[in-house]
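Quantities reported herein were computed from a predicted structural model and do not represent experimental measurements. The chain is numbered in sequence order, starting from 1.
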Amino acid sequence: MRPADLPRLSGERLQAGLWEAVLDLPTGAPPPGIEALYGDRTLPGVTACPDPDRPGRHRLSVPIPADLLSDGVQNVLIRDRSTGTTLAHVSILAGAVLERDVRAELDLLKRAFRDHCREIPVFQRLSQRSGS
């Protein structure tokens, strides 16, 4: 499939335990059967409601069950049931252990960015001028 033939998601958000997005389909495409998967578990309550004012546009909503939430990273896949195409990933990060992981990751990214900037002549000149 070409990118123009694929469904597109936008406006993704998670609020009050409900993940929502807008699904735009190519002209004339049938609405897909959307499913949400957590591991091998299919999550209940997924809806895709057509927007009466915009043909080809659907409003998706996926309730995130409270029992899914625990320490660490939990991933939910949103996909087209008929093709198996993954449309989105919803990652939920929680817990005290996570704080250390995020800080370590941020330190790694900062170090890599500084190293990268040192390799670029423009940044080297700017650094020398500022005395860094």
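- Residues V62 and L14 fall within the same hydrophobic cluster, defined by Ile, Leu, Val, Met, Phe, Trp and Tyr side chains chained together at heavy-atom separations under 4.5 Å.
- Looking at every heavy atom in both residues, G45 comes nearest to P63 through O-CD, 3.3 Å.
- Interatomic distance, CG of L109 versus CZ of R114, reported as 11.0 Å (0.5 Å rounding).
- Closest heavy-atom contact between P65 and L43: CG-CD2, 4.0 Å.
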Checklist entry - When you look at I34 and T47, which way does the side chain to side chain contact (heavy atoms under 4.5 Å, CB included) test go after all the steps? => result CA-CA 8 Å; I34 302 295; T47 60; over 6 Å; no
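- Across all their heavy atoms, S70 and A94 have their closest contact at O-CB, 3.8 Å.
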Item to check | CA sep, side-chain torsions, deciding dist, call: I78, V76, side chain to side chain contact (heavy atoms under 4.5 Å, CB included) | outcome: CA-CA 7 Å; I78 310 297; V76 176; 4.1 Å; yes
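- The heavy-atom pair separating G84 from R79 by the smallest distance is O-CD, 4.0 Å.
- Shortest non-hydrogen contact noted between D51 and R59 is OD2-NH2, 3.8 Å.
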Checklist entry - Can you check side chain to side chain contact (heavy atoms under 4.5 Å, CB included) on I92 and V73, steps first, answer last? => result CA-CA 6 Å; I92 302 167; V73 179; over 6 Å; no
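- Of the inter-residue distances, the one linking D24 atom CG with L9 atom CG reads 8.5 Å to the nearest 0.5 angstrom.
- In summary, D67 and R41 engage in a salt bridge, as defined by a charged side-chain N under 4.0 Å from a carboxylate O.
- L77 is not connected to W19 by any chain of hydrophobic side-chain contacts under 4.5 Å among Ile, Leu, Val, Met, Phe, Trp and Tyr, and they are in different clusters.
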Item to check | Worked verdict on V22 versus R57 for side chain to side chain contact (heavy atoms under 4.5 Å, CB included) | outcome: CA-CA 7 Å; V22 174; R57 178 168 279 190; 3.3 Å; yes
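- Note that CG of L87 is 9.5 Å distant from CD of E12, once rounded to the nearest 0.5 Å.
- The line from CG of L37 to OG1 of T42 is 5.0 Å long, rounded to the nearest 0.5 Å.
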Next on the checklist: Test side-chain hydrogen bond (donor to acceptor under 3.5 Å, both in side chains) on D80 and T85; report intermediate values, then the result.
Outcome noted: CA-CA 5 Å; D80 181 335; T85 302; 5.5 Å; no
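- Taking both residues in full, the closest heavy atoms of E20 and S61 are given as CG-CB, 4.3 Å, listed atom of the first, atom of the second, then distance.
- Both V90 and L69 belong to a single network of hydrophobic side chains, linked directly or stepwise wherever heavy atoms of I, L, V, M, F, W or Y lie under 4.5 Å apart.
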